[in-house]
There are 2 protein chains.
Amino acid sequence: MSDLDVHNLLASHNLRCTRPRVKLATLLFADGRDRHVTAEWAADALAKEGDEVALATVYNTLNSFVEAGLLRQISCQEAGRQVFDTNVEPHHHFYNEQTGELTDVPQNAFRFYKMPAAPDGAEIVDWQVTVTIRPH
Amino acid sequence: MSDLDVHNLLASHNLRCTRPRVKLATLLFADGRDRHVTAEWAADALAKEGDEVALATVYNTLNSFVEAGLLRQISCQEAGRQVFDTNVEPHHHFYNEQTGELTDVPQNAFRFYKMPAAPDGAEIVDWQVTVTIRPH
DNA sequence: TCATAATTTATATTCATTCTAATTAAAATG
DNA sequence: CATTTTAATTAGAATGAATATAAATTATGA
Ligand SMILES: [Mn+2]
Ligand SMILES: [Mn+2]
Ligand SMILES: [Zn+2]
Ligand SMILES: [Zn+2]
């Protein structure tokens, strides 16, 4: 993903093109890989490249990205810290209980022939599976 | 669940029978209902009954109950606070996105004919589904 | 270029949770 | 029952993640 692509990505999501946003968008989206990151991880990764960004700005930016639909906030495992997922499509996760690492599982890796009905007065809007795995 | 039952429950899990533990065990297990509670909720509930217990003790006790297998710690939704589940059997959850409320879904409410294989070098130890629901 | 509104940032603040260390209480022992 | 031992409780301090504040900076477009 080129500088221009990052610029377009931000612009097309109504996000002003600022240094912290360009750096973070490049870090998170440039290679198209799925990532599950914390604010601290992102701040450290930028710092290692010499691109210091205030931690408050990292939080602000990640939250803006969520609001813009570029990131999704996930809250499975590791209670106590927010994790941001670069994959905003519906999908599931492997959770490695040794390392805490999350890995994507495609939506269609599960096929159910029985699902619970929604409780009265409610509708199902989403479902996601967390598969806990253990290295052996 | 009588006082004696609570005493036996604690004793059989190698937990000394202290006032905070009796109060919390009664609050959480006496009526056999499934509950998903935070430490703060439990502390408030005890205080309302006139059974003040220090918040640190509530945390200590809930964590002891988890270690003893009386509670399970769940970490879906509402990142930033621990939720303790009185149902320690494998099961799934409805998550009401309006209220944040969690409701149990029995393990057998899902039947699948396709599940992902575990990644190389790992085995699947557990899987759980969070079904997000919205009142309509 | 200039004006305006948005963003960044250092810092303070909030909130959930854990830690510390002194006190209290439960169980075990004689 | 009295004593000893060991574990649990607690107030208050400390930690750590995340947000709020408010002053300085910057992006954008007029
Ligand atoms: Mn993912
Ligand atoms: Mn449950
Ligand atoms: Zn740009
Ligand atoms: Zn008892």
Side-chain angles (χ1 to χ4, degrees), chain A residues 3-4 6-27 36-47 50-68 70-71 73-84 100, chain B residues 3-4 6-27 36-47 50-68 70-71 73-84 100:
Chain A
D3 288 0
L4 185 59
V6 171
H7 185 100
N8 286 337
L9 180 74
L10 294 173
S12 67
H13 288 80
N14 293 312
L15 293 167
R16 284 193 179 186
C17 188
T18 65
R19 192 185 68 94
R21 287 175 180 172
V22 171
K23 298 298 183 188
L24 273 167
T26 303
L27 175 72
H36 308 92
V37 308
T38 62
E40 213 187 350
W41 178 88
D44 288 351
L46 292 185
D51 297 322
E52 304 266 352
V53 173
L55 189 55
T57 304
V58 173
Y59 276 105
N60 288 342
T61 304
L62 295 178
N63 285 328
S64 301
F65 285 3
V66 170
E67 208 177 341
L70 289 170
L71 286 177
Q73 217 169 335
I74 56 182
S75 30
C76 46
Q77 320 305 338
E78 308 285 311
R81 37 198 335 187
Q82 297 175 211
V83 176
F84 298 88
Chain B
D3 288 0
L4 185 59
V6 171
H7 184 99
N8 287 337
L9 181 74
L10 294 173
S12 67
H13 287 80
N14 293 312
L15 293 167
R16 284 194 180 185
C17 188
T18 65
R19 192 185 67 95
R21 287 175 181 172
V22 170
K23 298 298 183 188
L24 274 166
T26 303
L27 176 72
H36 308 91
V37 309
T38 63
E40 213 188 349
W41 179 89
D44 288 350
L46 292 185
D51 298 321
E52 305 265 351
V53 173
L55 188 56
T57 305
V58 173
Y59 276 105
N60 288 342
T61 305
L62 295 178
N63 286 327
S64 302
F65 285 4
V66 170
E67 209 177 341
L70 288 170
L71 287 177
Q73 218 170 334
I74 56 183
S75 30
C76 46
Q77 320 307 332
E78 309 284 311
R81 38 196 336 185
Q82 297 176 208
V83 177
F84 298 88

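Throughout, protein chains are lettered first and strands after them, A, B, ... in sequence-line order, and every chain is numbered starting at 1.
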- Item | For A/Asp44, all residues meeting salt bridge (Lys or Arg N to Asp or Glu O under 4.0 Å), sequence neighbours excluded | none

- Taking all non-hydrogen atoms of both residues, which atom of A/Leu24 and which atom of A/Ala42 are closest, and how far apart?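 Nearest pair, atom of A/Leu24 first, then A/Ala42: CD2-CB, 3.8 Å.
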
- Report yes if the side chains of B/Val66 and B/Leu70 come closer than 4.5 Å at any heavy-atom pair, otherwise no.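 SC-SC contact between B/Val66 and B/Leu70 ruled out.
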
- Message: What I'd like to find out is whether the side chain of B/Phe65 reaches to under 4.5 Å of the side chain of B/Asn60, using heavy atoms alone.
- Response: no

- All side-chain contact (heavy atoms from CB on, under 4.5 Å) counterparts of B/Ser64, not counting sequence neighbours: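 Partners of B/Ser64 under the side-chain contact (heavy atoms from CB on, under 4.5 Å) test: B/Leu15, B/Arg21.
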
- Message: Could you check whether any side-chain N or O of A/Asp51 sits under 3.5 Å from a backbone N or O of A/Ala47, counting only pairs where one atom can act as donor and the other as acceptor?
- Response: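 No; judged by distance alone, with no hydrogens or angles, the pair does not exist.
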
- Task: Measure from the side-chain N and O atoms of A/Ser12 to the backbone N and O of A/Asn8, and report whether any donor-acceptor pair falls under 3.5 Å.
- Result: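 Pair found, side chain donor or acceptor close to backbone of A/Asn8.
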
- Task: Provide, to the nearest angstrom, the distance between the CD atom belonging to B/Gln82 and the P atom belonging to C/dC15.
- Result: 18 Å

- Item | Whole angstrom value for the distance that separates C1' of C/dA16 from CH2 of B/Trp41 |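 Nearest whole value for this atom pair: 18 Å.
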
- Outer limits of DNA chain D sitting under 4.0 Å from a non-hydrogen atom of chain A, read 5' to 3', are D/dA17 to D/dT28

- Using five base pairs at each end, measure the axis-to-axis angle across the helix from C/dT1-D/dA30 to C/dG30-D/dC1 and round it to 10 degrees.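 Nearest ten degrees gives 30° for this helix.
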
- Note on the structure: Counting primed atoms, P, OP1 and OP2 as sugar-phosphate and everything else as base, the B/S/- map of nucleotides 7-12 of chain C against protein heavy atoms under 4.0 Å is SSBS--

- Residues in side chain to side chain donor-acceptor pair (under 3.5 Å) contact with A/Glu40, at least two apart in sequence or another chain: A/Arg81

- Query: When rounded to the nearest 0.5 angstrom, what distance separates CZ in A/Arg16 from CG in A/Leu10?
  - Reply: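 Nearest 0.5 Å value for the CZ-CG distance: 13.0 Å.
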
- Message: Does atom CD (A/Glu67) have a neighbourhood of more than 12 heavy atoms from anything else shown, all under 6.0 Å?
- Response: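 It does not: A/Glu67 CD has 12 such atoms or fewer within range.
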
